[in-house]
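Everything below concerns the one structure shown next.
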Amino acid sequence: MFFRASSRGLPRGLAGCSAAALCPLLSEQRTIAPIKADGAAASWSPSWEWKVAAGHPGLIGPRQPGPVPRPNEPRFTRAEVALRDGSDRDGTMWMTYRDGVYDVTAYLQEHPGGGFIMQGAGGPVEGFWAHWAQHHMSWKVEEALERLRIGRLSDYQQEQDEAQRGGAAWEDEQMDECRVKNRQKARPYCEMPYCAETKMHELDKTYLTPAEALYVRNHAPVPNVPLVDADEHVISFYDGESEVAHMSLAELHSRFPAVSAVAILQCSGNRGADNIEANGRLSSGFVRGPFEHIGLGLLGNVCWHGILLADVLQEVLPHSALRRDNVDGLHATFEGMDGYSTSTPLAYIMDPVNRCMLATQMNGSPLSPDHGFPVRALLPGITGARHVKWVSKITVGAECSSPWNATYYKDGVGGEPLQRLPMNSLILSPAPGTQISAGATSVEVSGVAYSGGNGSCISSVEVSTDRGKTWQPAVCHFDEASRYDPCRLHSWVKFRATAQLLPARGSCVAAVNGGPLQEIWCR
């Protein structure tokens, strides 16, 4: 008998809601490759593993091939392209990539990254893309290049082009001790930027997720901050456009009491494969990219240590900025050293129940580089996209207009930016595809449940083997959870159940590799 989980009943906008979670139909190993619209394999594939090539000065990064030169297309010099940097009266803006010249004047309005594209105005985008390497793994970029090409460079030089591959920015992070261990305990989806989901059996091992097993979702190269320089790291605080304070971590630790909290960290894209299966391929921006097969491992439960953001903001901001009638309309925008920025409503951060903090440790040790060393925003109950790593600036004011608020991590097309985590429950064992004897009448099920950001606690968990017709109670390990976190508002509760199986026939059974298929649900 084989185990399968169903995403039946999973609502549209998976990242924004779902009280019942279902074990995804994924194998432990999956081949990932971009797919073209016609279903054929793409003509290129990103570098899923970093490598250093013989004769190359450094690390080789993934790279878009660019469109094939067209017969008799116009030729331009780099100097001619430089004159089209958007500064003239009609705002014409050209850019180059490899040997191609591209007119992006009209594309500025549809570019998902907003004004970020201006970094390449009148010149090559290679430097911009070397930092935001996701461009090299997106089929949408491939299509845009084909559509926007207007000619080629007459002074294009292959050697100069190859020197722009952008691998050097990623070299320092490759052999970090925690990263090396993470490659074993998690399933990497891409290396530049490094993104990996924790394997299910690793999540099932312990109540607190070890740093080396916790999922990683980076957007750019990891900032290199030496351990000895951590105390000197400075965070600037702004009230709107005005800087009101800047303090080093050493100053912050000396002026504010240390706190701790056990809280879920969950990526906004967790269970992306479930979302695609439940709502169709048009429901997700992950389709045809490296994240199309994300399971439930972009999740972890960690004991965080740091300083309450409410304490810091109460001291550094003018009292008028924190009046209740003002707070309700304000956001706190966090900016990281990597260039990533996003915001969360200030009222949530200032609520002492939520214990939002500037975190400097996880599970009693300094943050690893992949998890934000030396300091990150930790916002219990809020989706992971808002937990900015390597924080260097905090601004209180209007909602952030960065791509990660305006375009990405939203509740569906045209929806609001995701903020609070949904209530959720996940089956970690048995894993999909697990085989048991044909005569088995029951199976041991284990998993986790958490209430998300709704301010309540998990009170019970149930499992079903007949697609929700009947439910069996699970045993929740509340004592274990309470030892780490008496409130249990933002941490998970582990559960176990002996699920009674249906006979190997009937409406819930399908033939797979000659064996029956059994679904298990939890809620």
Side-chain angles (χ1 to χ4, degrees), residues 15-16 113-116 234-247 249 251-252 255-257 259 261 263 265-266 268 304 306-359 372 375-411 414-422 452-455 489-490:
F116 274 45
V234 173
I235 300 177
S236 300
F237 298 87
Y238 281 72
D239 179 19
E241 298 295 323
S242 303
E243 183 177 4
V244 294
H246 57 270
M247 284 185 272
L249 287 183
E251 291 177 278
L252 288 166
R255 292 175 62 174
F256 301 99
V259 297
L265 184 67
Q266 176 178 295
S268 304
W304 306 94
I307 301 162
L308 284 180
L309 273 162
D311 289 350
V312 179
L313 296 179
Q314 286 280 9
E315 179 166 320
V316 302
L317 289 174
H319 291 298
S320 59
L322 296 179
R323 292 202 319 262
R324 171 52 57 182
D325 56 339
N326 280 345
V327 168
D328 288 342
L330 295 176
H331 274 233
T333 294
F334 301 91
E335 297 184 32
M337 297 169 65
D338 61 338
Y340 183 92
S341 62
T342 188
S343 70
T344 289
L346 184 60
Y348 189 93
I349 291 171
M350 298 303 293
D351 188 336
V353 172
N354 295 325
R355 300 183 71 76
C356 296
M357 68 174 77
L358 290 170
V375 60
R376 72 176 299 158
L378 191 282
L379 313 175
I382 296 293
T383 190
R386 313 301 167 206
H387 297 231
V388 174
K389 299 184 281 190
W390 316 291
V391 172
S392 61
K393 180 180 177 181
I394 301 174
T395 301
V396 171
E399 183 175 359
C400 181
S401 60
S402 78
W404 302 284
N405 267 70
T407 305
Y408 305 113
Y409 305 124
K410 302 185 76 171
D411 188 8
E416 292 297 313
L418 296 172
Q419 292 291 345
R420 300 198 185 205
L421 284 172
N454 63 17
L489 286 179
H490 300 118

Establish, yes or no, whether the cationic atom of K393 lies under 6.0 Å from the six-membered ring centre of Y238 and within 45° of the ring axis.
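Yes.
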Does any N or O in the side chain of [X] come within less than 3.5 Å of the main-chain N or O of [Y], such that one atom is a donor and the other an acceptor?
{"X": "R376", "Y": "H387", "value": "yes"}
{"X": "Y408", "Y": "G113", "value": "no"}
{"X": "H490", "Y": "L379", "value": "no"}
{"X": "R386", "Y": "L418", "value": "yes"}
{"X": "D351", "Y": "V353", "value": "yes"}

Value rounded to 0.5 Å, distance of [atom1] in [X] from [atom2] in [Y]:
{"X": "C356", "Y": "D311", "atom1": "SG", "atom2": "CG", "answer": "12.0 Å"}
{"X": "S236", "Y": "I394", "atom1": "OG", "atom2": "CD1", "answer": "9.5 Å"}
{"X": "T395", "Y": "L317", "atom1": "OG1", "atom2": "CG", "answer": "10.0 Å"}
{"X": "F256", "Y": "Q314", "atom1": "CZ", "atom2": "CD", "answer": "10.0 Å"}

Testing S341, S343, C400, S402 one by one against E335 for a side chain to side chain contact (heavy atoms under 4.5 Å, CB included), which residue passes?
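Passing option: S341.
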Test side chain to side chain contact (heavy atoms under 4.5 Å, CB included) applied to M350 and L308, L313, L330, the passing residue:
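Considering L308, L313, L330, a side chain to side chain contact (heavy atoms under 4.5 Å, CB included) with M350 is found only for L313.
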Taking the side chain as every heavy atom from C-beta outward, state whether Y340 and K389 have any atom pair closer than 4.5 Å.
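Answer no - side chains too far apart.
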Mind checking whether L309 and L358 have side chains closer than 4.5 Å, heavy atoms only?
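SC-SC contact between L309 and L358 confirmed.
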Whether over 12 other heavy atoms sit under 6.0 Å from E243 CD:
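Counting neighbours around CD of E243, more than 12 heavy atoms of other residues, nucleotides or ligands fall under 6.0 Å, so yes.
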CA sep, side-chain torsions, deciding dist, call: Y409, T383, side-chain contact (heavy atoms from CB on, under 4.5 Å):
CA-CA 9 Å; Y409 305 124; T383 190; 6.0 Å; no
Minimal non-hydrogen separation, [X] against [Y], with atom names:
{"X": "Q266", "Y": "P422", "answer": "NE2-CD, 4.5 Å"}
{"X": "G453", "Y": "R420", "answer": "O-NH1, 3.0 Å"}
{"X": "L378", "Y": "A263", "answer": "CD1-CB, 4.4 Å"}
{"X": "A310", "Y": "I349", "answer": "CB-O, 4.1 Å"}
{"X": "V388", "Y": "T342", "answer": "CG2-CG2, 3.5 Å"}

Checking side-chain contact (heavy atoms from CB on, under 4.5 Å) for the pair Y348/Q419: CA distance, chi angles, key distance, verdict?
CA-CA 10 Å; Y348 189 93; Q419 292 291 345; over 6 Å; no
List the steps and the verdict of side-chain contact (heavy atoms from CB on, under 4.5 Å) for I235 and V312.
CA-CA 11 Å; I235 300 177; V312 179; over 6 Å; no
Please determine whether side-chain contact (heavy atoms from CB on, under 4.5 Å) holds for the pair R355 and L489, giving the CA-CA distance in whole Å, both sets of side-chain angles, and the decisive distance to 0.1 Å.
CA-CA 10 Å; R355 300 183 71 76; L489 286 179; over 6 Å; no
Can you check ring-ring contact (aromatic ring centres under 6.0 Å, His included) on F116 and W404, steps first, answer last?
CA-CA 12 Å; F116 274 45; W404 302 284; 5.5 Å; yes
